[in-house]
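See structure below.
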Amino acid sequence: MRDTQKRALAQGASVVAIAVAAPLALPVNIATEILIFSIFALATNLLVGRAGLYSFGQAAFFGAGGYAAGFLFVHTDAPLLAGLALAVATGAALAAAIGAMSIRRTGIYFMMLTFAFNQMIYYLAYSWRSVTGGEDGLGGIGRPALWLPGLGSLDLGDHHAFYVLTAVCFLLVFLLLYRLTHSPLGLVLEAARQNARRTASLGYSVYRAQLLAFVVAGGLSGLAGALFAMLYRIMPIDAVSWANSGNAVFMVVIGGISSMLGPIFGAAIFIWLQGFFSLIWARWPLLFGVFVILVVLFLKGGVVELFERLCARLGGKAARAGEAGK
């Protein structure tokens, strides 16, 4: 079996193990939140890690998806899948509009444009109280039952049932992004990240490839926003702020962009450490800032680099022990 196939199987097995083990090791709501933000971080990593586009506007799509699905569930009896589809479509449509203008710029100009659009969406949500609830957020969001053919309806009011739904979405998003990053589109994005001019000179449309990635990331961020709104039954205004966009980028950087496991590790560590540090000290952001600095200074590949080092060392010890046994 080739190394790429072994690596793919190892990543797939790791993701399934995370989805199964998370609710056993953590309170189910925390485990659910980790998977939701893993979806958000995976979508962000498609831009940061694969396309080299450091977007600080992903919270706009996260919030748009959450508000769209939340508004639908509050005011109608729409089925669950309709709300999730609306969240994905809203995030993707907003990303298409913003990306069409932002991607024409590169580097710091791209980052500032995405940041500016994020702020515009934030103040729109803040002002549009009749739809978003303004600074109070959109509350009273329900969890419609999921109809399963042959099995009947699944009551998502149960936290464990809702975790199963989130885990399925998480696994499907991981599979989708894995296939996308290893497709011709993913190769074009990777080539453009390294040298956009040379990629364009070969006849590939860098703009279209990056815009498509931006739209996909926006749609998946909208899905994460809808799941977040359903988890806590409210869509807070803070979820649309630029700080949430920064959190997504931090998750990717902490976990590492070299592997698709990186954003998942980053999301888990980010959420768990926030709760842990807040119990230790009221000024916990200082402790978290120190942690981020240490990761950036000593683990340039993120936490996943440390994980791979440990696995390689354990594998080497096992191999040496096997040779000694012979």
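Please read all numbers here as calculations on a predicted model, not as lab measurements.
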**Message:** Can you confirm whether T44 sits close enough to S55 that some side-chain heavy atom of one is under 4.5 Å from a side-chain heavy atom of the other?
**Reply:** no
**Message:** Rounded to the nearest 0.5 Å, what separates atom CE in M260 from atom CG in L46?
**Reply:** 8.5 Å
**Prompt:** Between the main-chain N or O of A145 and the side-chain N or O of D155, is there a donor-acceptor pair closer than 3.5 Å?
**Reply:** no
**Message:** Could you go through L80 and W147, starting from their C-alpha distance and side-chain angles, then the distance that decides it, and tell me whether this counts as side chain to side chain contact (heavy atoms under 4.5 Å, CB included)?
**Reply:** CA-CA 9 Å; L80 172 71; W147 176 259; over 6 Å; no
**Asked** So do S221 and Q58 actually touch side chain to side chain, heavy atoms under 4.5 Å?
**Response** yes
**Request:** Measure across L72 and G83 and return the closest heavy-atom pair with its distance rounded to 0.1 Å.
**Result:** CD2-CA, 3.7 Å
**Asked** What do you reckon, is OH of Y126 surrounded by more than 12 foreign heavy atoms closer than 6.0 Å?
**Response** no
**Prompt:** So S14 and Q11, side chain to side chain donor-acceptor pair (under 3.5 Å) or not? Walk me through it.
**Reply:** CA-CA 5 Å; S14 299; Q11 287 187 350; over 6 Å; no
**Asked** Is V173 linked to L185 within one hydrophobic cluster, defined over Ile, Leu, Val, Met, Phe, Trp and Tyr using a side-chain heavy-atom separation of less than 4.5 Å?
**Response** yes
**Asked** Going from CD1 on I234 to CZ on F228, what distance comes out if it is rounded to the nearest 0.5 angstrom?
**Response** 9.0 Å
**Message:** More than 12 heavy atoms of other residues, nucleotides or ligands under 6.0 Å from CE of M120: yes or no?
**Reply:** no
**Residue pairs, two or more places apart or on separate chains, that pass salt bridge (Lys or Arg N to Asp or Glu O under 4.0 Å) and touch residues 118-138** = R129-D136
**Whether F170 and F174 hold their rings parallel, tilted or perpendicular, with breakpoints at 30° and 60°** = tilted
**Request:** Using atom types as modelled and distance alone, determine if a side-chain donor or acceptor of T132 lies under 3.5 Å from a backbone N or O of A125.
**Result:** yes
**Message:** Check for me, please, whether I237 and M235 land in the same ILVMFWY cluster - side-chain distances under 4.5 Å, paths through other members count.
**Reply:** yes
**Request:** Hey, can you tell me if F270 and F250 have their rings parallel, tilted or perpendicular (30° and 60° cut-offs)?
**Result:** parallel
**Atom pair CG/CH2 of L287 and W281 - distance to nearest 0.5 Å** = 6.0 Å
**Message:** Within the supplied structure, the quantity of interest is the number of heavy atoms (other residues, nucleotides, ligands) at a distance under 6.0 Å from Y204 OH; does it exceed 12?
**Reply:** no
**Request:** Carefully, step by step, assess L189 and Q210 under the rule side chain to side chain contact (heavy atoms under 4.5 Å, CB included).
**Result:** CA-CA 7 Å; L189 291 172; Q210 292 179 337; 4.1 Å; yes
**Prompt:** Step by step, would you call F110 with Y54 a ring pair (Phe, Tyr, Trp, His ring centres under 6.0 Å)?
**Reply:** CA-CA 8 Å; F110 171 81; Y54 281 80; 9.2 Å; no
**Validation row, ring centre H159 to ring centre Y163 under 6.0 Å** = no
**Asked** Do L84 and M230 have side-chain heavy atoms sitting under 4.5 Å apart?
**Response** yes
**Message:** T32 vs F162, test: side chain to side chain contact (heavy atoms under 4.5 Å, CB included). Steps then yes/no.
**Reply:** CA-CA 8 Å; T32 305; F162 185 70; 3.8 Å; yes
**Request:** Compare every heavy atom of A87 with every heavy atom of A69, then report the nearest pair and how far apart it is.
**Result:** CB-CB, 4.1 Å
**Request:** Establish whether I34 and L24 are linked, either directly or via other cluster members, by ILVMFWY side-chain heavy-atom contacts under 4.5 Å.
**Result:** no
**Message:** Donor-acceptor check, side chain of N45 to backbone of P263, threshold 3.5 angstrom: yes or no?
**Reply:** no
**Asked** Should Y178 and H182 be marked as a ring pair (Phe, Tyr, Trp, His ring centres under 6.0 Å) after you check the CA-CA gap, both sets of side-chain angles, and the distance that decides it?
**Response** CA-CA 6 Å; Y178 183 86; H182 291 80; 4.1 Å; yes
**Prompt:** Under 3.5 Å, is there a donor-acceptor pair between the side chain of S278 and the main chain of G275?
**Reply:** yes
**Message:** Main chain of S102, side chain of Y109: is a donor-acceptor contact present, judged purely on distance under 3.5 Å?
**Reply:** no
**Request:** Identify the heavy atoms of L94 and A64 that sit nearest to each other, and give their distance.
**Result:** CD2-CB, 3.9 Å
**Item:** Closest heavy-atom pair and its distance - A209, V188
**Value:** CB-CG1, 3.8 Å
**Prompt:** Heavy-atom distance under 4.5 Å between the side chains of I257 and V48, does that happen here?
**Reply:** yes
**Taking every non-hydrogen atom, the tightest pair across P144 and P79** = CB-C, 4.4 Å
**Request:** Would you indicate whether the side-chain heavy atoms of R50 and R193 approach each other to under 4.5 Å?
**Result:** no
**Complete:** dist L220:CG -> L172:CG (nearest 0.5 Å) comes out at 10.5 Å
**Message:** Closer than 3.5 angstrom, by distance alone: can the side chain of Y207 be matched with the main-chain N or O of A100 as a donor-acceptor pair?
**Reply:** yes
**Prompt:** Should the pair R143 and F73 be classed as cation-pi, given the thresholds of under 6.0 Å to the six-membered ring centre and 45° from the axis?
**Reply:** no
**Prompt:** So do M251 and F265 actually touch side chain to side chain, heavy atoms under 4.5 Å?
**Reply:** no
**Request:** Starting at CG of D238, measure out to CG of N247 and round the result to the nearest 0.5 Å.
**Result:** 10.5 Å
**Request:** Check the hydrophobic clustering (I, L, V, M, F, W, Y; side-chain heavy atoms under 4.5 Å; chains of links allowed) and say if I39 and V164 are grouped together.
**Result:** no
**Request:** Tell me, with the steps shown, if L81 and L146 meet side chain to side chain contact (heavy atoms under 4.5 Å, CB included).
**Result:** CA-CA 8 Å; L81 295 182; L146 176 62; 4.2 Å; yes
**Message:** Students often mix this up, so state it plainly: with edges at 30° and 60°, are the rings of F214 and F61 parallel, tilted or perpendicular?
**Reply:** perpendicular
**Asked** Rounded to the nearest 0.5 Å, how far does SG of C169 lie from CG of L176?
**Response** 12.0 Å
**Prompt:** Considering the options I141, T166, I36, L35, which one meets the side-chain contact (heavy atoms from CB on, under 4.5 Å) requirement together with L231?
**Reply:** I36
**Request:** Answer yes or no: is there a donor N or O on one side and an acceptor on the other, between the side chain of T114 and the main chain of M111, under 3.5 Å?
**Result:** yes
**Request:** Any chance you could lay out the ring pair (Phe, Tyr, Trp, His ring centres under 6.0 Å) test for F277 and F291, step after step, and finish with the verdict?
**Result:** CA-CA 11 Å; F277 286 155; F291 171 77; 7.1 Å; no
**Fill in**
For N244 and A59 the tightest heavy-atom approach is CB-CB, 3.8 Å
**Request:** Using the rule that two of Ile, Leu, Val, Met, Phe, Trp, Tyr join whenever any of their side-chain heavy atoms come within less than 4.5 Å, decide whether F56 and I121 are in one cluster.
**Result:** yes
**Asked** So do the side chains of F37 and I271 get within less than 4.5 Å of each other, counting heavy atoms only?
**Response** yes
**Residue pair F288 / L273, side-chain heavy-atom distance below 4.5 Å** = yes
